[in-house]
Trainee: 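Quick one: this structure, given as structure tokens, is what I'll be asking you about.
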Amino acid sequence: MLDPFDELKIPAKDFCSVENVHFSGRGVTQIHPNFQKLVNLSTLWMSNNKLTKIENLVPQDYGDNSGDIKNRTHGLGCLRIRSLYLSNNSISTLAGDLRHLVFLQTLLLGNNKLSNMEVVSGFLKPLQFLQQLDLFGNPLAEESNYREYYIHHHPSVVVLDRKSITAAEREVAAKLFGDSSSVEKKGTAVAFGKHVPADMQTYKLQKVSALSESTQRLERKVKAIHARNAAAVRRAQQEEVDRVRELQERRSRFNAPHADNDVIIEEMLNQRKQQDLAEQRQLERQRLTQLLFTEAELHAIQSSFDQSKALAYTDALSIMKLMGQDDPQGRRGLKDLLADKQDLKVTDFIDLLMDWSLILNRRMDKLYAQAAQALGQGRDKEAQQLHSDINFLTGHCNSLAGRSQYGPVGFGLQPMPTNLAATM
């Protein structure tokens, strides 16, 4: 078990200030009881571990209705938690603390060992505010009508298994699990000589009609899929025709006078140059990502936000919190940064951060401090690498000078001081 206080290294007076804890990929087999002292914990990441159940987030005697005041040795519990990320564990049951976490909005349990969708659904019933649920990769997800069952029995959920629930899916779920259950609840007894209600007389006809409508919708979807496939085949054929024509045109131009051949060679050289520049820019962006973000930060961002959906200001602020940049200056700058941005995705926002002077300057300040400390302690190789990173960021900042879209960058920086570089 990982004790959050040993890992976070915070004094007892600051227990109530902790809102986010990231323990993903740490080999955790059991949640430590000290988590109950984090009474304001809002988000807990414990993906890619070895947990078998959800426990130690609330006191064991919580909700016993005895009226006694308990001695809470480990705290009052994480009753305010909003987001729980537990994908890629070995959880086989939801019995325990989950039913008390009634304010949960996000619950990711993908790739665990949960089976029997009715039993698991029963444990999720108290979570009336749940909006995002992920059970993909569990045995129960292979059961018949699994998606429709959870759509019907958990109406507050809007995203199931990373896919938004549509109105059409809710209609199908209602017909599969709503109409038949309402008829059964009426409990009309049918026997010889007894009256059969009118709704029971028409029930079979209604059921056949519902199945017919569902079949028609499926047929329309299949036709749409076939149409898209046919269009894709036509596009591929047309692209192949265009490619052959272009090849024939190039061959014919090679047989033209030398002047035309020179033009062709120049075009080919320009194309190769553009490809080289694109590859160089990609390598530069990869190195920028490594310098500005830790692996834990990138993993948290990728696992916390839907990559296909537009990013709201609150989402962007959460990313700033993960990076430790959530201060007044950072929040003000973030508003200016997003002022004219529409439909911004997570990847686009990360690209913006890599070109934002605030983030770049703060990172360079840290690198300067680390380089000076490494030199003072005789770690020459580390200092030389830090020097290389500083010069790389300096070059990136200078390349951005004069073309910023979100205010003065304050770039035009000089490389690392020569007296510092010379000592390396």
Side-chain angles (χ1 to χ4, degrees), residues 20 22 277-302 304-305 307 311-342 344-375 379 381-424:
N20 302 281
H22 194 295
L277 288 174
E279 293 176 357
Q280 182 179 356
R281 281 194 294 269
Q282 184 178 4
L283 293 174
E284 289 176 354
R285 300 308 278 187
Q286 291 176 353
R287 186 175 180 185
L288 271 175
T289 304
Q290 295 173 352
L291 288 176
L292 298 179
F293 302 93
T294 65
E295 292 185 5
E297 290 171 351
L298 286 176
H299 177 75
I301 293 171
Q302 292 170 358
S304 303
F305 301 95
Q307 306 293 313
L311 199 70
Y313 171 75
T314 54
D315 299 328
L317 193 60
S318 298
I319 294 177
M320 294 285 287
K321 287 182 180 179
L322 291 173
M323 297 173 60
Q325 304 290 345
D326 181 34
D327 52 63
Q329 182 184 8
R331 288 194 291 269
R332 288 194 301 270
L334 182 63
K335 289 184 178 179
D336 297 336
L337 184 67
L338 301 179
D340 57 344
K341 303 296 182 297
Q342 302 292 332
L344 198 65
K345 305 294 190 300
V346 174
T347 52
D348 301 329
F349 181 64
I350 292 177
D351 287 340
L352 278 180
L353 293 180
M354 288 193 291
D355 293 340
W356 189 10
S357 61
L358 177 69
I359 303 297
L360 292 169
N361 288 332
R362 289 181 175 182
R363 183 57 181 156
M364 290 181 65
D365 290 342
K366 289 184 179 180
L367 291 177
Y368 271 116
Q370 293 173 3
Q373 183 179 12
L375 282 174
R379 303 194 306 271
K381 289 185 178 180
E382 181 181 348
Q384 189 173 7
Q385 179 60 47
L386 290 169
H387 167 250
S388 175
D389 294 339
I390 292 171
N391 284 342
F392 175 77
L393 285 180
T394 302
H396 178 62
C397 293
N398 289 335
S399 69
L400 295 173
R403 64 179 182 89
S404 175
Q405 301 176 355
Y406 36 82
V409 207
F411 289 148
L413 305 175
Q414 297 298 321
M416 193 173 182
T418 54
N419 59 345
L420 179 61
T423 59
M424 297 183 181

Trainee: What's the separation between atom CG in Asp389 and atom NZ in Lys366, rounded to the nearest 0.5 Å?
Mentor: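 Asp389 CG to Lys366 NZ: 14.0 Å, rounded to 0.5 Å.
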Trainee: Heavy atoms only: give me the nearest Leu291-Arg363 pair and the separation to one decimal.
Mentor: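 Nearest pair, atom of Leu291 first, then Arg363: O-NE, 2.7 Å.
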Trainee: Working to the nearest 0.5 angstrom, can you tell me the gap between Gln373 CD and Glu382 CD?
Mentor: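 So the CD of Gln373 and the CD of Glu382 are separated by 8.0 Å.
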Trainee: Grab the two heavy atoms, one from Glu284 and one from Phe392, that are nearest each other, plus how far apart they are.
Mentor: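 Smallest heavy-atom distance, with atoms named: O-CZ, 3.6 Å.
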Trainee: Give, for atom OG1 of Thr394 and atom NE2 of His387, the distance between the pair rounded to the nearest 0.5 Å.
Mentor: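 NE2 of His387 is found 8.5 Å from OG1 of Thr394.
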Trainee: Provide the closest heavy-atom pair for Ile390 versus Met364 in the form atom of the first, atom of the second, distance.
Mentor: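 Distance-wise, the nearest heavy atoms are O-CE, 4.2 Å.
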Trainee: To the nearest 0.5 Å, tell me how far Leu360 CG sits from Asp365 CG.
Mentor: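 It is 11.0 Å, given to the nearest 0.5 Å.
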Trainee: Looking only at non-hydrogen atoms, find the nearest pair between Ala371 and Ala383 and report the distance.
Mentor: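 Nearest heavy atoms, Ala371 then Ala383: O-CB, 4.2 Å.
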Trainee: Does the side chain of Leu277 reach to within under 4.5 Å of the side chain of Gln280, using non-hydrogen atoms?
Mentor: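 In contact.
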